[in-house]
Amino acid sequence: MSHSPMVEVQRYPFGQHAFNDLRDNAFATSNWPLVYVLSDEKHLRAYIGETTDTLTRMSTHLKHDEKRLLTAVHLITSEYFNKSATLDVESMLIKYMAADGKYTLLNGNLGLADHNYYQRDELYEEVFREVWNRLIAKGVVSRTLDHLDNSDIFKYSPYKSLSFDQRQGLLTILHELTNPDVQNILVEGGAGTGKSVLAIFLFKLLTSEDHQISLREFSDEEAEIKSLLASLRQTLPNPKMALVVPMTSFRTTLKKAFKHVSGLSPNMVISPSELTKQHYDIVLVDESHRLRKRKNLGAYFGSFDKACEALGMDKHTCSEVDWVCKQANKAIFFYDESQSIKPSDADVDVFQRLKSAKSSATHRLLSQFRVKAGQPYVEFVDNLLNGRIDDDEVFTAKNYEFEVFDSLSDMVQTIHEKEEQVGLSRLIAGYSWPWASKKDAEAYDIVIGDVRLRWNSTNTDWINKTGSHKEVGCIHTTQGYDLNYAGIIFGEEIRYDPESQSIVIEQDNYHDRTGRQGIKDPAELQHYIINIYRTIMLRGIRGTFLYACDDALREYLKQHIPVHNVGQIQPEENNVVELEPYVNSVPLFDLQAAAGEFGTLNDVSDLDPDKHEEWVAVPEGVRVHKDMFACQVIGESMNRVIPNGALCLFRTDLGGSRSGKTVLVECIDSVDADSGSRYTVKVYESFKTEDEYGWRHQRIQLKPNSYDNDFQPIELSDHQDQQYRVVGEFICLIEQSQ
């Protein structure tokens with residue numbers, strides 16, 4: 001299927017000698033708005049920008065201490081570009097290239113555009129997708145947008161646009177950080193109001209140097225922020241900082257996100273007990289409602305007591321909130337009272353006293369932007385769970401899938417379908433079944449009718465574990481995370497009493513031992529369990545599905561939520577004169593004639609340059625390795641990135657994570673219908689499972705990336721993956737001169 005390109009990406013060397021080449025680009029010399037990527041393949045650094053005066057902007061960059069060391073510039077041009085569009089594309093590239101992880105970005109984290117403009121949704125979403133695919137073709141990025149959208153590195157990156165609400169929160173925090181009379185700052189906000197995003201953004205801001213920060217999108221607030229930062233850096237030029245995260249699973253996730261950001265380190269994300277090791281200038285606490293006191297701590301009792309002793313505190317009267325206050329000159333707590341879900345959580349009174357202290361300041365975030373249904377959905381959930389809803393009220397939203405199911409089997413199937421379509425779709429349940437599979441991996445924990453399910457097989461980063469969509473998470477493995485779709489099972493510990501028209505808790509059916517031990521007041525336990533369901537019902541960005549074990553509760557939900565309908569269908573011009581093998585060229589293989597030779601070649605580096613006849617020049621700026629090779633790709637199944645007949649550069653597969661990458665795969669026992677050979681090029685997605693023998697592929701999907709929607713993914717089950725072999729990873733297109 002042919003497609004008229006909306007975007008062009010052209011590469012030039014970056015340096016004084018390259019200006020003649022740049023002058024040949026009509027967009028660069030006619031003051032047309034464009035976007036560019038400066039990069040250095042050797043040190044893997046990059047800078048992203050936009051301009052209407054390309055030559056002047058490049059001259060300015062050549063005078064910059066860091067940017068002048070970059071070696072290539074990719075100009076991204078389009079007749080569709082205007083100033084608003086290029087600002088938007090620049091911002092999107094910063095966000096996604098940071099998550100892609102190939103380059104360390106020299107860009108600051110502020111100043112990212114997030115504004116609307118004419119045809120942004122109708123046209124420019126597709127324009128940006130084409131920009132990204134062109135950059136994959138050029139080897140500038142490697143992973144698909146769909147893959148990155150679901151990655152935690154993207155979700156918890158500091159390269160984010162802040163909402164007006166968040167910007168006001170940022171200003172409040174900066175004002176109080178410069179106020180010598182304020183020690184503690186509480187930022188309150190419900191689930192989905194962006195507390196974690198603001199915390200990570202602020203952390204990166206305070207650790208960045210002035211030249212790394214752009215403030216243009218803060219408009220009226222720019223001067224104020226600059227002044228506050230300058231004032232803060234007079235007293236704290238290099239603040240010693242930490243981000244405290246109480247929950248082990250979420251802490252592990254944020255450590256991974258920090259690992260991929262220039263200037264940040266996983267060691268900056270710590271547990272509350274690690275506060276005993278040193279004193280800090282500034283401590284940020286995310287999910288601070290999960291800071292603990294000495295009650296129902298289980299195995300953590302010993303560590304808690306040891307930390308109290310090290311800090312000289314009474315273990316019976318203090319909490320981890322006190323640890324933070326003692327070990328930080330300035331403490332910033334991101335807090336939501338409604339997400340306190342266990343009796344071991346620090347008392348609400350502790351935070352009330354902290355807020356009322358003279359040395360404290362408070363700011364509230366109000367805007368909801370995790371759940372697409374917005375604040376009305378949040379208020380509806382709160383009213384629904386607390387019996388404050390009108391008899392005839394039914395919640396619907398055009399941009400949000402919200403349904404109650406009569407059949408758990410149907411809901412499980414729907415979650416599996418959503419996982420296939422968009423990923424990050426998980427089942428979550430109340431803790432009303434014992435965790436039998438923890439001791440017996442063959443046992444099932446949740447058995448309802450013909451549905452047999454197991455609890456989460458790990459407590460650490462379960463959301464991102466391969467195969468987790470086939471398990472059931474609990475509050476402890478999902479709190480703090482975003483999902484695309486959440487399927488919520490209301491367990492046997494919660495029911496509805498039609499006579500009193502209220503929700504009732506069955507304490508004997510609640511199996512979180514540390515969540516109920518020592519609670520004598522039933523109202524207190526009900527408070528925690530309602531908070532649990534409220535929290536997990538606010539995980540789904542695109543939709544939430546519900547099933548209730550209790551018939552009366554299910555009928556109550558069906559009065560106010562739409563019921564699921566079972567029948568509802570849900571290469572650059574090359575001027576190289578002389579080819580030098582593995583210096584500026586790589587071997588060229590004919591895949592359609594490679595049934596014998598190429599299929600048995602395990603290591604391209606074994607190839608004798610003197611015995612191989614065909615070599616092809618690699619694009620300028622690509623570092624050549626002896627495990628690289630080239631071949632022509634036939635067919636339309638990848639035409640968003642690779643045109644039919646294009647010559648492509650690959651590198652021998654080295655293993656490791658391939659998900660989201662474009663790969664060359666050998667079909668051992670078949671011929672690819674699109675290419676007509678034993679080889680196919682597709683986007684690789686792997687779904688793994690863990691058993692007694694370790695990790696293994698449960699299913700592999702080879703996905704097309706085409707403008708033609710008729711192409712379908714190739715699904716490989718456990719036994720079928722032996723019929724396919726990944727030969728190489730796509731690097732970039734090799735564009736040949738006519």
Side-chain angles (χ1 to χ4, degrees), residues 9 14 33-54 56-76 81 83-115 128 131-132 135 138 140-143 145 148 151 153-162 166-167 170 197-198 200-219 221-222 225-226 229 257-265:
V9 177
F14 182 60
L34 56 78
V35 184
Y36 59 89
V37 178
L38 298 173
S39 63
D40 174 20
E41 190 72 21
K42 182 177 180 181
H43 299 98
L44 297 179
R45 298 181 304 167
Y47 177 82
I48 301 158
E50 64 81 35
T51 184
T52 55
D53 189 351
T54 304
T56 300
R57 181 64 59 84
M58 295 303 117
S59 296
T60 302
H61 289 328
L62 285 170
K63 298 174 185 177
H64 189 276
D65 289 343
E66 287 184 301
K67 295 171 192 170
R68 66 182 179 85
L69 300 177
L70 303 177
T71 57
V73 55
H74 286 87
L75 296 188
I76 304 168
F81 278 174
K83 187 66 174 178
S84 292
T86 54
L87 283 170
D88 197 26
V89 171
E90 176 200 33
S91 298
M92 297 285 281
L93 280 180
I94 291 172
K95 298 173 187 178
Y96 280 101
M97 283 186 66
D100 183 68
K102 178 175 180 178
Y103 294 103
T104 297
L105 298 188
L106 301 180
N107 295 77
N109 62 317
L110 292 186
L112 300 185
D114 188 15
H115 55 269
F128 180 74
V131 167
W132 190 260
L135 292 176
K138 292 287 186 179
V140 179
V141 297
S142 60
R143 303 186 188 274
L145 290 176
L148 294 175
S151 71
I153 297 173
F154 178 73
K155 292 178 183 295
Y156 301 110
S157 165
Y159 295 101
K160 293 288 185 181
S161 306
L162 295 188
Q166 289 171 316
R167 293 201 302 271
L170 178 69
V197 169
L198 179 56
I200 295 168
F201 186 98
L202 174 64
F203 198 100
K204 178 67 169 71
L205 170 64
L206 296 177
T207 56
S208 297
E209 298 180 17
D210 289 340
H211 71 274
Q212 297 176 314
I213 300 171
S214 167
L215 296 169
R216 66 173 182 230
E217 285 302 313
F218 277 70
S219 58
E221 298 127 343
E222 177 177 350
I225 293 175
K226 282 185 175 180
L229 286 173
F258 271 42
K259 182 179 180 180
H260 293 271
V261 178
S262 176
L264 301 184
S265 164

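What you see is a predicted model, and the numbers here were worked out from it, not measured in a lab.
Listed here is the closest heavy atom pair of Gln166 and Leu198: O-CD1, 3.8 Å. For the residue pair Phe203 and Leu264, the shortest heavy atom distance occurs at CD2-CD2, 3.9 Å. When all heavy atoms of Lys67 and Phe14 are compared, the pair lying nearest together is O-CE2, 3.3 Å. The nearest pair of heavy atoms linking Glu41 to Thr71 is N-OG1, 4.1 Å.
In this structure, the separation between CZ on Arg45 and CG on Leu69 is 5.5 Å, given to the nearest 0.5 Å. Within the model, atoms CG of Leu38 and CG of Leu106 stand 9.0 Å from one another, a figure rounded to the nearest 0.5 Å. Rounding to the nearest 0.5 Å places CG of Leu135 at 4.5 Å from CD1 of Ile76. In this structure, the separation between CG on Leu75 and OG1 on Thr51 is 10.0 Å, given to the nearest 0.5 Å.
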Output, in order, the C-alpha distance, side-chain angles, deciding distance and verdict of side chain to side chain contact (heavy atoms under 4.5 Å, CB included) for Ile94 and Leu105.
CA-CA 8 Å; Ile94 291 172; Leu105 298 188; 4.2 Å; yes
Run the numbers on Val140 and Asp100 for side chain to side chain contact (heavy atoms under 4.5 Å, CB included), then give the verdict.
CA-CA 10 Å; Val140 179; Asp100 183 68; over 6 Å; no
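Within the 4.5 Å cutoff, no side-chain heavy atoms of His43 are placed close to those of Thr104. Using a 4.5 Å heavy-atom threshold, the side chains of Val37 and Val73 count as separate. Within the 4.5 Å cutoff, the side chain of Leu87 has heavy atoms near those of the Glu90 side chain. Two residues are said to be in side-chain contact when any heavy atoms from C-beta on lie closer than 4.5 Å; Val131 and Val9 fail this criterion. By the 4.5 Å heavy-atom criterion applied to side chains, Met97 and Val141 are counted as neighbours. Looking at heavy atoms from C-beta onward, Thr86 lies out of side-chain contact with Thr52 at the 4.5 angstrom threshold. Taking the side chain as every heavy atom from C-beta outward, Phe128 and Asp88 never approach each other to under 4.5 Å. Taking 4.5 Å as the limit, every side-chain heavy atom of Tyr47 sits out of range of all side-chain heavy atoms of His64.
In this structure a side-chain-to-backbone donor-acceptor pair under 3.5 Å is present from Ser151 to Leu148. Trp132 places no side-chain N or O within donor-acceptor distance of the main-chain N or O of Leu93, the cut-off being under 3.5 Å.
Between Phe154 and Tyr96, the two ring planes are parallel [angle under 30°; tilted spans 30° to 60°].
No salt bridge links Glu50 with Arg57; every basic N to acidic carboxylate O contact stays at or beyond 4.0 Å.
Heavy atoms from other residues, nucleotides or ligands lying under 6.0 Å from NZ of Lys102 number more than 12.
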